[in-house]
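In what follows, a structure is listed as C-alpha cells, so that the remarks can point back to it.
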Amino acid sequence: MIGRLTVFGATGDLTARFLLPALAALRGAGHVGDGLDLLCAGRQDWSTDQYREWAADRLGPSPSEDAGAIVASARYVRCDVTDPDEVAAALAGDGPVAVYLALPPAVFPAAVVALHRAGLPEGSRIVLEKPFGEDLAGAQELNRLLAALVPEQAVFRVDHFLAMSTVQNVLGSRLTNRVLEPLWNGTHIAEIEIVWDETLALEGRAGYYDHVGALKDMIQNHLLQLLCLVAMEPPITLGERDLRDRKVDVLRSVRPLTEEDAARRTRRARYLPGRIGDRDIPAYADEDGVDPERGTETFAEVELEIDNWRWSGCVFRLRSGKALGTDRKEVAVHFRSVPHLPFRHGGTAVPNVLRFQLEPEGLTLDLTGTGSGTDAFTPLTLTARMDPPPLPAYARVLLDVLTGDPALSIRGDEAEEAWRVVDPVLSAWRKNLVPLEEYPAGSDGPPAR
C-alpha cells in the first residue's frame with residue numbers, strides 16, 4: 001500500500017467536498033493511519049496553516065476526530081502544475097507516490113508532461129478525474145502521454161459512480177439471480193432508462209461546468225459506465241482484466257450515430273428562471289461566471305442502440321439534467337408487455353419495470369396482479385432498501401488507488417471508446433443540427449416532442 005498521496009488542485013471543490021472526507025472515512029475504518037503522508041498543492045499562495053484553516057472550514061463546524069486528524073496531517077505547497085521544477089519539489093520524498101490530478105480536463109496534458117519531466121519514483125500511480133480528455137482526439141493524446149510516463153495499470157482514470165454500492169448492485173443483481181439472466185436481453189426488455197436528474201442547479205460551479213455541460217459532465221462518463229454494467233456479458237471474474245474487457249465490448253457495440261441520428265435521437269436544453277422548493281433559481285445564462293454565448297446545455301438526452309445478439313431491438317435512453325423539479329437517479333429496466341391476456345374484462349396490464357434507485361439506495365419491481373378478484377388489474381410493487389455502504393464512493397476510489405487495484409478505474413481504450421460514442425453528438429450540436437431548447441427551473445425538463 002502506497003503511503004504517500006499528493007493532490008494537485010487541492011484548493012478546489014473536489015478536494016474539499018469529496019477527497020478530504022473520503023480520507024477521513026478511510027482513517028475511521030482503519031485503512032489509513034497517522035503514517036499517511038498527505039501533500040496538498042494548489043495555486044493559492046498559502047502557508048500550511050492557512051490551508052489547514054481553509055480545509056477545516058470546508059469540513060463544517062463540527063468535523064469528526066478523523067477529519068480533524070487528516071486536516072492536521074496535511075502539508076501545503078504552492079505549485080504550478082505545468083512547471084516541472086515546482087512539480088518535482090512537490091513530489092520530493094522517499095518511495096512511490098499516488099498523484100491525484102484534481103484538475104480541469106483541459107489542464108491534464110500539460111500536467112502529465114510536467115510530471116514526466118519532473119520524474120516519478122518507481123511504483124508511483126497517477127489518478128485522473130473524468131472527463132478524460134475533451135474529445136476522442138484529446139483522449140488519444142492524453143493516453144499517449146500517460147503511456148510514456150507510467151504503465152497502464154498505474155493509471156487510475158476514476159469514475160466514482162463505479163464505486164457506489166448501488167451501482168455495483170446493478171451488476172450484482174444481474175449475476176446472482178438466475179431468474180433475471182434468461183430475461184436480460186432485447187427479446188424481453190424494450191427499453192432501459194439510465195437517468196440522473198437533479199434539483200441542484202449550478203451551485204457556483206460555472207468555472208468548470210460552463211466549459212463542459214451535461215453531455216460531457218454526466219453522459220460521456222458516468223451514464224455510459226452504467227450502460228456498460230447493465231449491458232455487458234457476464235465476466236469470468238470481477239478482476240480488472242475480465243471486467244474491463246466486457247465493458248469495452250459494450251462500448252464497441254454501440255451503434256455509431258450519424259448526423260441524422262444525432263438530430264433525431266438526442267436533445268439538449270438549458271434552464272430558465274424558476275422555483276425549486278423554497279429557492280428562486282435564476283436562468284442558467286444569468287448565473288455568475290456563465291458565458292451565454294457558449295450555449296452550454298444543462299440537460300442532455302441520448303438514445304442509443306447496441307448492435308449485438310443480446311440487445312437487438314432494445315433502446316437505451318441516457319438522460320441527465322440540472323435544476324429539475326424532482327431528483328430521479330435510477331436505472332429503469334422496462335420489460336415488454338405479455339403477448340396475450342386471457343382475462344374477460346379486457347383490461348391492460350402495465351409492463352413490468354425493474355428500478356435500481358441510485359440515490360437514495362433502493363430496488364423496486366413493478367408487477368401486475370388481479371387483487372382480490374379477476375375483474376381488474378392491480379399494480380403490485382416489491383421494494384427493497386439497502387443499508388448504507390461501509391465506505392463512501394470516493395473513499396473506495398482512494399483505497400483502490402493506494403492499494404493498487406485498478407478494477408474500478410477506466411482503462412485507456414475504454415476511455416477512447418466512450419468518446420467514440422459521444423463525439424458524433426458533439427459534432428452535431430456544434431453544427432446546430434440539434435436546437436438548444438429551454439425549460440423552467442423546477443419543471444420536468446424540456447417539453448416532450
Side-chain angles (χ1 to χ4, degrees), residues 13-26 28-29 31 100 102 127-132 156-177 192-200 214 216-232 235 238-240 243-244 246-247 250-251 316 318-322 326-333 354-364 383-403 405-411 414-415 418:
D13 185 65
L14 171 65
T15 301
R17 291 178 57 201
F18 297 109
L19 299 186
L20 292 176
L23 287 170
L26 288 178
H31 294 293
Y100 204 118
V127 190
L128 297 92
E129 277 285 332
K130 60 83 184 172
F132 316 112
F156 286 74
R157 302 171 189 83
V158 300
D159 186 332
H160 76 278
F161 265 47
L162 290 174
M164 294 169 62
S165 61
T166 47
V167 169
Q168 294 180 25
N169 188 50
V170 174
L171 191 59
S173 296
R174 277 191 57 193
L175 301 182
T176 59
N177 294 285
I192 297 180
E193 294 180 281
I194 303 175
V195 179
W196 192 270
D197 286 350
E198 54 187 352
T199 55
L200 286 176
K216 290 184 180 181
D217 186 50
M218 291 299 303
I219 291 180
Q220 190 276 335
N221 37 78
H222 295 326
L223 301 195
L224 279 181
Q225 286 298 311
L226 284 167
L227 170 68
C228 290
L229 297 185
V230 169
M232 68 192 293
L238 294 182
E240 57 92 10
L243 180 62
R244 299 198 289 185
R246 298 292 76 78
K247 288 162 63 185
V250 173
L251 294 172
F316 293 82
L318 282 58
R319 160 183 161 143
S320 181
K322 282 189 170 295
T326 56
D327 288 313
R328 182 189 174 205
K329 302 170 182 178
E330 67 176 11
V331 175
V333 181
L354 177 61
R355 300 181 187 276
F356 298 90
Q357 281 105 13
L358 306 175
E359 197 177 84
E361 301 150 337
L363 180 70
T364 63
T383 302
R385 297 292 175 191
M386 275 78 78
D387 293 331
L391 290 174
Y394 265 99
R396 173 69 187 274
V397 164
L398 285 174
L399 183 60
D400 285 350
V401 169
L402 295 175
T403 58
D405 182 358
L408 295 183
S409 69
I410 313 302
R411 203 167 61 194
E414 185 180 349

*Is there a donor-acceptor contact under 3.5 Å from the side chain of Glu330 to the main chain of Phe356?*
no

*asked:* Less than 4.5 Å apart, side chain to side chain, heavy atoms only: is that true for Val331 and Leu354?
replied: no

*Can you check whether Gln225 reaches Lys247 side chain to side chain, under 4.5 Å on heavy atoms?*
yes

*Rounded to the nearest 0.5 Å, what's the gap from CG on Leu171 to CG on Leu226? Could you check?*
11.0 Å

*To the nearest 0.5 angstrom, please state how far the CG atom of Leu19 sits from the NE2 atom of His160.*
11.0 Å

_One pair to check against salt bridge (Lys or Arg N to Asp or Glu O under 4.0 Å): Glu361 and Arg385. What are the steps and the verdict?_
CA-CA 7 Å; Glu361 301 150 337; Arg385 297 292 175 191; over 6 Å; no

*Going by the angle between their ring planes, with limits at 30° and 60°, are Trp196 and Phe161 parallel, tilted or perpendicular?*
tilted

*Answer yes or no: is there a side-chain heavy-atom contact under 4.5 Å between Ile410 and Leu128?*
no

*Write down the atom of Ser409, the atom of Glu414, and the distance for their closest heavy-atom approach.*
O-OE1, 4.4 Å

*How close do Leu399 and Thr403 get, heavy atom to heavy atom, and via which atoms?*
O-OG1, 2.7 Å

_Short side-chain to backbone donor-acceptor contact, Asp327 and Thr199, under 3.5 Å_ = yes

_Show the nearest heavy-atom pair for residues Val250 and Ala231, with the distance to one decimal._
CG2-C, 3.8 Å

*For Asn169 and Met386, which heavy atoms make the closest approach, and how far apart are they?*
ND2-CE, 3.7 Å

*asked:* So, taking the atom named CG in Leu398 and the one named CG in Leu391, what distance separates them when rounded to the nearest 0.5 Å?
replied: 10.0 Å

*Atom CZ in Arg411, atom CZ in Arg157: separation rounded to 0.5 Å?*
10.0 Å

_Shortest non-hydrogen separation from Leu363 to Ser173 and the atoms involved_ = CD2-OG, 4.5 Å

*Of the options Glu359, Glu198, Glu193, which is the one that meets Arg328 in a salt bridge (charged side-chain N to carboxylate O under 4.0 Å, His left out)?*
Glu193

_How long is the straight-line distance from CG of Leu26 back to OH of Tyr394, given to the nearest 0.5 Å?_
13.5 Å

*At what distance, to the nearest 0.5 angstrom, does CG of Asp197 lie from NZ of Lys329?*
9.5 Å

*Does the side chain of Asp217 come within less than 4.5 Å of Lys130's, by heavy atoms?*
yes

*Keeping to residues at least two apart or across chains, list the salt bridge (charged side-chain N to carboxylate O under 4.0 Å, His left out) pairs with something in residues 164-177.*
Arg174-Glu181

_Could you walk me through whether Asp159 and Leu408 satisfy the side chain to side chain contact (heavy atoms under 4.5 Å, CB included) test, starting with their C-alpha distance in whole Å, then the side-chain angles of each, then the deciding distance to 0.1 Å, before giving a yes or no?_
CA-CA 8 Å; Asp159 186 332; Leu408 295 183; over 6 Å; no

_With heavy-atom distances below 4.5 Å as the criterion, would you say the side chains of Pro235 and Arg244 are in contact?_
no

*Could you tell me which non-hydrogen atom of Cys228 sits nearest to which non-hydrogen atom of Leu251, and how far apart they are?*
SG-CG, 3.6 Å

*May I have the step-by-step check of side chain to side chain contact (heavy atoms under 4.5 Å, CB included) for Leu243 and Met232, ending in yes or no?*
CA-CA 9 Å; Leu243 180 62; Met232 68 192 293; 3.6 Å; yes

